[in-house]
Amino acid sequence: MNILIIGSGGREHCLAWKISQSKLVDKLFAIPGNAGISQIAVCENISCSKENFGNILQFIEKNGIHLTIVGPEAPLVDGIVDYLSKKGHLVFGPDQTAAQIEGSKVFTKKLCMSHDIPTAKAEFFNKSELDKAISYIKGLKENEFPYVIKADGLAYGKGVIIAQSKEELLDALDGFFIKNRFGKSGQDIVIEEFISGFEVSLLCLCDGKKLIPLDLAQDYKKIFDGDNGKNTGGMGSYSPLPFIDEVLYEKILNKIVLPTFHALKDENINYTGVLYAGIIVRGNEPYLLEYNCRFGDPETQVVLPRLKNDIVPVLLDCARGSLRDIKLKWDDEKTVCVVLASKGYPETSSKGDIISGLEEIKSKKDVFVFHAGTKKDGDKTVTDGGRVLNVVAKADTFKEARILGYEAIERIGFNGMQFRKDIALKVEETL
Ligand SMILES: Nc1ncnc2c1ncn2[C@@H]1O[C@H](COP(=O)(O)OP(=O)(O)O)[C@@H](O)[C@H]1O
Ligand SMILES: [Mg+2]
């Protein structure tokens, strides 16, 4: 069968790599793809914005695509699944109504609150309620800070501000409602209590009726070592999580993820695709931070290389709404992913810098280089975005995986390359 992957990041390269190992696949395509994906899939440079859904449909029909897998959130929230399904095509991903789980933080918060799903306590305000929001903030106790303020809609990881004081919170509010920093996404906001703890990502595959969790992963959001500096799309990740015991895992599943899935069903929302729960754990109790409606990036890059099953039948079943009772099998090995970012990231990003060393590490066993922001320039591969490459290493222990991964990185170079040196360091001594 022919499969199309929509997207152009490390997540999509990893999906393409995993899917290309399936005997069920004849031809693999990607829209728009990147330099790495183009080595295993035929890439077509169409943008994934709503205006181009018609062009994507034409491409699917011309190339006899049997299954389309949507990577990024924006086309899902814009209704690409509804659009293609109505034309009779099989698509992996939630429809527009279900994608609200990521597309609207207000929607998700209200869903959690009305179904007793543990999450930070929150208040909601619309742009028309500026005065009400200001007096709410003025009424907060200074010693109860920080508070968190979030844009309702998609904001590419930039719509969340942790305010340390009333002044900072009022300033952030001004950014949302007066300066319109987030446009439509910031017309509604959530102000919520700050929960201090550690975060885990649990990605589940869903067919509307059933849900299968993937192994856990943790990602690193800050640009610098020691979790310092600005938030990014993700600077690294590792899997599995040795510090999550059975009791905590069951709580995450039974108090958060399954009740959410059932709550969606109660609201007649047929959730298919990936349901990604961003969880924060405080004192052994998990709380829902947010849901995403797609595979995580860079979590996918550490989870899929540990999956032994062929992923294609599972994705097909999800898209068809008929997930079988399969057991996913996982490698005992550990995976570590380090993101190589371009100069200036996350504020800006540098493009067109030549990447060296890629050929040299191609033959290294248990090292996978997934491309994110790259493109071909003649016979050279050049940078083309903030996050450029994801170097993933797999080994018996985190320590060995770290050594393998960081050794590979030493061979790669491009102007202004930056990466974190502490990915998975905190679990290095675990087995
Ligand atoms: N209530 C909260 N308490 C503590 N930290 C939070 C809270 N909400 C968000 N954060 C931090 O901000 C990050 C981004 O928030 P999230 O809700 O995941 O939005 P998005 O991923 O859309 O930017 C989280 O990963 C977490 O580190
Ligand atoms: Mg998040």
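Just so it is clear, the structure is predicted and the values come from calculations on it, not from any experiment. Start at 1 and go down the list; that is how both ligands and their atoms are numbered.
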Item checked: From Lys109, Lys105, Lys222, Glu199 - option closest to atom 19 (O) of ligand 1 by heavy atom -> Lys105
Next item on the list: Looking only at protein heavy atoms, identify the closest one to atom 5 (N) of ligand 1 and say how far it is in Å.
Entry: Phe194 CE1, 3.8 Å
Check: Just checking, is any N or O donor in the side chain of Gln218 or Tyr238 under 3.5 Å from an acceptor N or O on the other one?
Finding: yes
Notebook entry, point to check: Are any non-hydrogen side-chain atoms of Trp330 and Leu307 less than 4.5 angstrom apart?
Noted result: yes
Checklist line | Qualifying residue for side chain to side chain contact (heavy atoms under 4.5 Å, CB included) with Ile244, from Ile279, Leu216, Leu202 | finding: Leu216
Notebook entry, point to check: Which atoms of ligand 1 are found less than 4.0 Å from any heavy atom of Glu192?
Noted result: 1 (N), 2 (C), 7 (C), 8 (N)
Check: When you measure from atom 21 (O) of ligand 1 to every protein heavy atom, which one gives the shortest distance, and what is it?
Finding: Glu290 OE2, 3.0 Å
Next item on the list: Tell me whether the centres of the aromatic rings in Phe177 and Phe125 are closer together than 6.0 Å.
Entry: no
Next item on the list: Return the residue, atom name and 0.1 Å-rounded distance of the protein heavy atom closest to atom 11 (C) of ligand 1.
Entry: Ile162 CD1, 4.1 Å
Note to self: Evaluate Ile195 for polar contact with ligand 1, using N/O atom pairs at a separation under 3.5 Å.
What the structure shows: yes
Check: Tell me: protein heavy atom nearest atom 15 (O) of ligand 1, and distance?
Finding: Val160 CG2, 3.6 Å
Next item on the list: Compute the ring centroids of Tyr276 and Phe295, then answer whether they are less than 6.0 Å apart.
Entry: no
Margin query: Quick check on contacts: which atoms of ligand 1 are under 4.0 angstrom from a heavy atom of Lys150?
Written below: 8 (N), 9 (C), 17 (O)
Check: Of all heavy-atom pairs between Leu288 and Ala277, which one has the smallest distance, and what is that distance?
Finding: CD2-CB, 4.3 Å
Check: At a 4.0 Å threshold, what atoms of ligand 1 neighbour a non-hydrogen atom of Glu193?
Finding: 1 (N), 2 (C)
Margin query: Keeping Arg11 on the side-chain end and Thr300 on the backbone end, is there a donor-acceptor pair under 3.5 Å?
Written below: no
Next item on the list: Look at atom 9 (C) of ligand 1 and say whether a protein heavy atom is found at less than 4.0 angstrom from it.
Entry: yes
Next item on the list: Examine ligand 1 and decide if any of its atoms is less than 4.0 Å from a heavy atom belonging to Gly159.
Entry: no
Next item on the list: Have a look at Glu290 and say which of its N, O or S atoms is nearest the Mg ion (ligand 2).
Entry: OE2
Check: Which of the atoms of ligand 1 are close to Lys221, meaning less than 4.0 Å from one of its heavy atoms?
Finding: 25 (O)
Margin query: Tell me which one of Arg306, Glu299, Lys394 satisfies side-chain hydrogen bond (donor to acceptor under 3.5 Å, both in side chains) with Ser239.
Written below: Arg306
Next item on the list: Using only heavy-atom distances, determine whether the side chains of Asn390 and Gln301 contain a donor-acceptor pair under 3.5 Å.
Entry: yes
Item checked: Closest protein heavy atom (residue, atom, distance) for atom 6 (C) of ligand 1 -> Leu289 CD2, 3.8 Å
